[in-house]
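Order of listing sets the numbers, starting from 1, for every ligand and every atom in it. Any value given below was found using the heavy atoms of this structure, including those in side chains, with hydrogens, waters and symmetry copies removed.
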Amino acid sequence: EEQEEDVLRELRLFLRNVTERLSLDRRFKAFTRPVDIEEVPDYLMVIKKPMDLSTLLTNIDEHKYVTVSEFMLDADLIWQNALEYNPDSDPMDRHIRHRACALKDTVRAILRDELDEDFERVCEEIKESR
Ligand SMILES: CC(=O)c1nc(NC(=O)[C@H]2CNCCN2)sc1-c1cc(O)cc(O)c1
């Protein structure tokens with residue numbers, strides 16, 4: 001009903017705000033757009049579920065997420081994919097892994113500081129009821 005749509009509208013506003021702040025952080029430049037398959041032809045042989053910050057925003061606008069937990073599953077793909085594609089001691093691998101770990105910690109810190117657990121519980125109730 002209308003109250004549920006109010007909650008999901010507030011969820012989308014919160015998730016857009018978090019995603020846009022991440023996209024503005026220079027440490028996460030490599031994660032702002034889909035990996036360019038022309039530049040990195042073997043990427044899709046290694047990474048089965050690509051994800052990036054611009055795709056998160058599109059998903060939010062398409063009402064893909066009813067809970068923060070669903071959003072987190074896709075947001076976690078971004079740094080998990082980077083760790084998987086960059087496992088070696090190569091300086092570039094280490095550089096990307098460092099930024100992937102910073103992304104992981106930053107997302108968790110924002111949600112710990114800014115997500116009210118009662119709000120997420122209401123979102124989970126809406127999801128269960130559908
Ligand atoms: C996001 C990601 O996982 C990524 N990984 C890379 N790894 C490498 O280049 C390592 C791989 N091992 C051998 C030595 N090179 S480059 C890169 C990337 C960076 C961008 O600024 C944009 C973009 O689309 C992708």
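Just one residue in the list Asp76, Asp25, Ile78 forms a side chain to side chain contact (heavy atoms under 4.5 Å, CB included) with Leu103, and that residue is Ile78.
Between Asp74 and Lys49 no salt bridge is recorded (no basic side-chain N to carboxylate O distance below 4.0 Å). Taking a cutoff of 4.0 Å between a charged side-chain nitrogen and a carboxylate oxygen, Arg108 and Asp105 do not qualify as a salt bridge. Arg9 and Glu2 are joined by a salt bridge, as a carboxylate oxygen and a charged side-chain nitrogen come within less than 4.0 angstrom of each other.
For ligand 1 and Asp93, the ligand atoms under 4.0 Å from any heavy atom of the residue are 10 (C), 11 (C), 12 (N), 13 (C), 14 (C), 15 (N).
Neither side chain, Asp36 nor Tyr43, offers a donor N or O lying under 3.5 Å from an acceptor on the other.
Looking at Tyr85 next to ligand 1, no N or O pair under 3.5 Å apart turns up. Considering backbone and side-chain N/O atoms, Arg33 never comes within less than 3.5 Å of an N/O atom of ligand 1.
The heavy atom nearest to atom 11 (C) of ligand 1, considering only Asp36, Asn86, Thr32, is found in Asn86.
Of all non-hydrogen atoms in Val107 and Leu22, the two that sit nearest each other are CG2-CD1, 3.8 Å.
Counting only heavy atoms of the protein, atom 17 (C) of ligand 1 lies nearest to Ile96 CD1, 4.0 Å. At the top of the distance list for atom 16 (S) of ligand 1, counting protein heavy atoms only, stands Met92 CE, 3.9 Å. Shortest contact from atom 1 (C) of ligand 1 to any protein heavy atom: Ala30 O, 3.8 Å.
At least one heavy atom of Asp90 lies less than 4.0 angstrom from ligand 1.
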